[in-house]
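Notes for the one structure printed next.
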Amino acid sequence: MAGHISPKGTYYAIFGILMVLTLVTVYVAYQPLGAANFPVAIGIAITKATLVILFFMHAKYSSRLTKLFVGTAFFFLAILLGLSLTDYMS
Amino acid sequence: MDTTVTAPRVTYLNHEHTLASWLLTKDHKRIGILYMIVVTFAFFLGGIFASLIRLELTTPAGDLLSADTYNKMFTMHGVAMVFFVLIPAVPAILGNFVLPLMLGAKDVAFPKLNLISWYLFTIGFLFTVYALVAGGVDTGWTFYTPYSSRASNTNVMATGLGVFITGFSSILTGLNFMVTIHRMRAPGLTWFRLPLFVWAVYSTALVMILGTPVIAITVLALAIERFLHFGIFDAALGGDPVLFQHMFWFYSHPAVYIMILPPMGAISEVIAAFSRKSIFGYAFVAFSSLAIAIFGFLVWAHHMFVSGISVYSALVFSFLTYAVAIPSAVKTFNWAATMYRGAIWLKAPMIWAIGFLGLFLVGGLTGLFTAALGVDVHLHDTYFVVAHFHYIMVGGAIMGYFAGLHFWWPKITGRMYSDIWAKVAAIIVFTGFNLTFGPQFIVGYLGMPRRYYAYPEEFQVLNVLSSAGASILGLGYTLIAIYLVASLFKGERVGANPWHATGLEWTTQSPPLPHNFEKQPVVTEDAYEYTKREIKVV
Amino acid sequence: MSDALAAHGAHGHAHHPAQQHHFDTLDQQHEAATLGMWLFLITEVLFFGGLFLAYMLYRVWYPAAWSEASLELNVVLGGVNTAVLIASSLTMAMAVRGAQTGLRRATMGWLVLTMVFGLTFLVIKYFEYAEKIEHHHVPGPTFAFPGPNAGPAEIYFSLYFLMTGLHATHMVIGFGILSVILWMAYKNRFSPEWYTPVEISGLYWHFVDIVWIFLFPLLYLVDRAHHFA
Amino acid sequence: MFPRISLFPAQASTMAAQVDLLYLFIVGVTAFFGILTTIVVIVFAVKYRTNDPLKVGDRIHGSIPLELAWSIIPFIISIVIFWWSAVVFFDLQRPPDQTLEIYATGKRWMWKFQHLDGQNEINELHVPMGRPIKVTFTSEDVLHSLFFPAFRTKADAIPGRYSSVWFTPTKLGEYHLFCAEYCGTKHSGMIGRVVVMEPAAYQAWLSGSVPGMSLAARGERLFSELACNTCHLDDGRGRGPSLVNKFGASEQLASGGAVPVDEAYVRESILRPQSKIVAGYQPLMPTFQGLVSEENVMALVEYVKSLRATAQAAAPAAAHAESTAPGAPQESR
Ligand code: HEA
Ligand code: HEA
Ligand code: CUA
Ligand SMILES: [Cu+2]
């Protein structure tokens, strides 16, 4: 079966980055950035999630279809959140 | 069908006989029939509720039922018809049966999961029936908070659980179909050679996968709010009851496209087959299905124009609602154009399809009224809305289901029903239907609110007309049941392709083999190539 | 989509024991299964999405209550749990790799590690819940929260319990799935030709990890700076 | 033999004719498309019918120009409908200045109306002809919806929020008033009538019906009964801000930002005082949630409103200034 086999090093590296990002997100949370705290926290979370999806879940090496599906999920999540906000933010 | 056809020796129906061979079957065709049994039952149940509703409404005073009973009637009617009839009707019955056949596959991608889906569906239905037997539920099919979470003392939990479980059946079916379409197509069956029914089912599956989880979590949150007194929608804590409506309609609007897209697909098949022509604008019809599925997620708050959403939001949603009407318009015009210079064979399925066109038109076009902000303020929650959605769901989707059922019935059973009776039934249903729901547009514009069990006297005439129509309608549906059942015993046996139609499902025997095809079919031409080749008469 | 074309090869040759009759090749079966799992995960995204919507709305409406209520959560436990889950994702990825490369013992080892991490997460979560119960932070009649923001704080905790509860439920299910996979690995069902079940269980497990990656900052790290700067 | 069935409810407000006109326009457009398509289908079905199952149709696959035409033309028509209906909608949502204010609460299963002069009515509403009237209302339990078919307007009553509808009655008479949002057992019994009277007759009715205390006066009494006045002194030297001239202005908040002081804000200040703290003040004010009914909150709101010493229309007029122009989405809820 022709699945992509990542070298162990990749996994360990990703793991390291994820751990560092976790520390960063905790650290940043205690810094008074005002309105920027929330976007930074979400930004880090999105980065972490992307790493997991790309490398641990092999999306990087998967078919275009798989990538499309991943995109679809977040696209429709954005619709759910975004269009509801047209009501609540105005 | 001049020649007598002998029955095939081995079919999916007769190769095993035990009850277990049905209840444990992984054959998509048998599962389709299992769905048909439960859905038909739910339809008659919902129909009985509808009859009681209409009976009560013949007089302005609330005299036949008590107010609470009436409220339970329309709730159970809506729940049964939406979640247990229309959402599964075409995809789970006809889709299950013909999709793998159309693809030239031996089965769906995950046959076991398919069976599990049916069990989930049935268990969900049983929960709902339990809720009914244990005293009913009275929230309306929309379960709006805070009535559902705080005020109602009926079986909201059991019904919610039923909807939740059925939701998973829907998700798994959608997933199964989508993978099947991606991975199980016969050699040569490229995307643009697919029958349009497949495109419709694919789009439906997309909506099922993306929308259903949101209703699941919404119902779950509602149940927890009700049962454990959590407070997500609770105004007393500062929560927003309207949030529930956003979450509910995020699913339930796209869900109306779950209900209409597959019948639209069936209509494409029927119209092409009985016009003996390729579909006019194949690509447009195919992509309009996808467009409806995707844009369908952008319009949900058109159910909430007077629910206290912001004016700005209302504008956005009204505009998007008009945008999503366009692909439906494209489909309608393409169907009509397909008939141009066709060789139109007016058999029963085609009559049903033409009925669909007429009623769907009225239903869809009246959606343009409710989408119009200034008018919807008046129309919202009146009988106009009731008429709109019955035209589209009963006149459109149910008619479309019957068109498809009449089309594939000989494939499913190997027998032909009485063409004359089928046409008579179509005409009775069409007439009764218009009599039932036509007057509701008027009484709605006059201001009669929905979910009223007693109403001012001036509305009586129109309501009596409506009730009279409903009895004709009921008669029509009963007639269908009679001649279809009769055909099982007395119907003429048919060969592989009684309609001389294109499509892989017509190349295998009727009823098909347990594993569908004798040998792997290979596709070398586009869908609906009636004009290019000799049609094999079997 | 030539794969579908190619997939229907000649019949009659010996099938791999894992291959089901309605598929033509093991590859086709593998692709169908992974695609199915991805689709299921799309569903899961929107399943949690409904709660994220509620979260977002009330966070915007009640920033003060959100920040006060969030202080009641234990960042240390939450942070440790984040690390534990990320570690379990690593071990899961390694387990899949083990299966891909045909290393049965390694696969089983990594699976066991993953399950241990998963269990650790649940145990820590249990202690967190116990603390919340003790402090009357469970929404409902017994809910108590000092100060004027009790109402919105109750909404916060409703969401906290719904979100983390649903997440924990997914963990428990994942634990069950991994148990089966472990058993299958023990029975030597997997090989470089056939490791689909390990892979799709992995996808599920990683997804559950991702949900937590969002829950942690959203629930635990609301506006900490405001209170500690 | 045949009773006459009217197709329209009474047109009894300035908006009714506008809505009906738009409605008729859509009827025209949709009837055109509906009838056209139906005729085409029937003509084809008759003209090209055959009984020979082996005959095939012509080889026609489609036409891009046609596809474009029947996508673009309906789209343009939709935009026209959308635009027109948006304009009507804005008119329906934006009350003109100088409305006669009436407060209402919905609860299962009745509507209670409170006039400014203190008259209360249940399931009945008396209004003068020719004056714009704004009904501000909320719900004490579940959702309801206040629906006046003759005025072509309705809005949901939502617990925890204020909604409003407005209309200018143009025809004397009695009209229906319905609850349009399902609310349980007697949803269909939550109905009543609205009586449109000559202004003079309305005045007579006002003075003739139970001479109560005016709404603002009741609010004033509550203001001292509930000891609001111990903190809110008129000169602003109390623990809370002075409420004089507050209504219609905009309030600076401690968290930064500002809010318009409208009915909803005053209500929130009373029931959830801590959710928005006025800049320069401590969060001292206790919540009155559970201590005052929605009706009394309305009296308090009206009292706070009445504390506007000067120009009545100054502030709210600003909010409604360009009331008919779409694209001005600053509706406050
Ligand atoms: C199968 C189900 C189904 C379908 C397909 C639709 C399709 C549409 N619906 Fe409907 N709807 C319901 C089921 C459905 N609806 C239900 C159940 C409710 C009530 C729920 C409840 O409250 O209980 C409802 C309620 C409802 C409302 C809310 C009303 C209210 O409560 O106030 C609105 C408002 O916009 C609406 C609009 C539309 C529109 C614009 C379409 C469009 O998709 C229609 C598109 C089709 C056409 C337009 C016809 C073909 C086109 C032409 C012939 C060309 C000419 C076209 C133009 C000029 C544009 N529907
Ligand atoms: C697929 C969906 C579907 C279908 C098929 C139907 C079918 C019918 N519906 Fe309904 N309906 C809904 C979906 C559907 N409905 C929904 C979602 C609501 C909103 C609920 C809510 O407000 O929460 C609703 C609400 C609704 C109302 C409004 C109630 C109210 O607001 O107070 C009415 C009133 O006339 C009505 C009537 C009918 C009738 C007469 C039929 C007929 O078409 C039914 C015909 C079928 C039969 C009659 C059964 C078959 C025949 C027999 C069993 C033989 C014996 C019977 C006789 C001879 C009479 N429905
Ligand atoms: Cu109040 Cu319906
Ligand atoms: Cu809709």
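Lettering follows sequence order; numbering is per chain, from 1.
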Would a distance-only check, ignoring hydrogens and angles, find a side-chain to backbone donor-acceptor pair under 3.5 Å from [X] to [Y]?
X: Y129(C); Y: G165(C); answer: yes
X: Q28(C); Y: R183(B); answer: yes
X: N96(B); Y: A92(B); answer: yes

Against chain B, label [X] side chain, backbone, both or neither, depending on which of its atoms sit under 4.5 Å from a heavy atom there.
X: Y58(C); result: side chain
X: Y62(C); result: side chain
X: L57(C); result: side chain

Counting heavy-atom pairs under 4.5 Å with chain C, which one of [options] comes out on top?
options: H515(B), H246(B), K26(B); result: H515(B)
options: L175(B), L210(B), L220(B); result: L175(B)
options: D234(B), L228(B), V522(B), D240(B); result: D240(B)

Legend entry - Rounded distance (nearest 0.5 Å) linking atom CZ of F233(B) with atom CD1 of I155(C): 10.5 Å
Inset, instruction - Would you indicate whether Y126(C), at its atom OH, is surrounded by more than 12 heavy atoms from other residues, nucleotides or ligands within a distance under 6.0 Å? - result: no
Legend entry - Given W212(C), Y160(C), F47(C), F214(C), the one that forms ring-ring contact (aromatic ring centres under 6.0 Å, His included) with H167(C): W212(C)
Against chain C, label [X] side chain, backbone, both or neither, depending on which of its atoms sit under 4.5 Å from a heavy atom there.
X: F250(B); answer: side chain
X: I215(B); answer: neither
X: I171(B); answer: side chain
X: I232(B); answer: both

Inset, instruction - Over 60° means perpendicular and under 30° means parallel, so classify the ring planes of F248(B) and F244(B), tilted if in between. - result: parallel
Inset, instruction - Side-chain contact test, heavy atoms from C-beta onward, threshold under 4.5 Å: evaluate it for L513(B) versus H15(B) and give yes or no. - result: no
Legend entry - Heavy-atom pair count under 4.5 Å with chain B, highest-scoring of F157(C), F40(C), Y156(C), F143(C): F40(C)
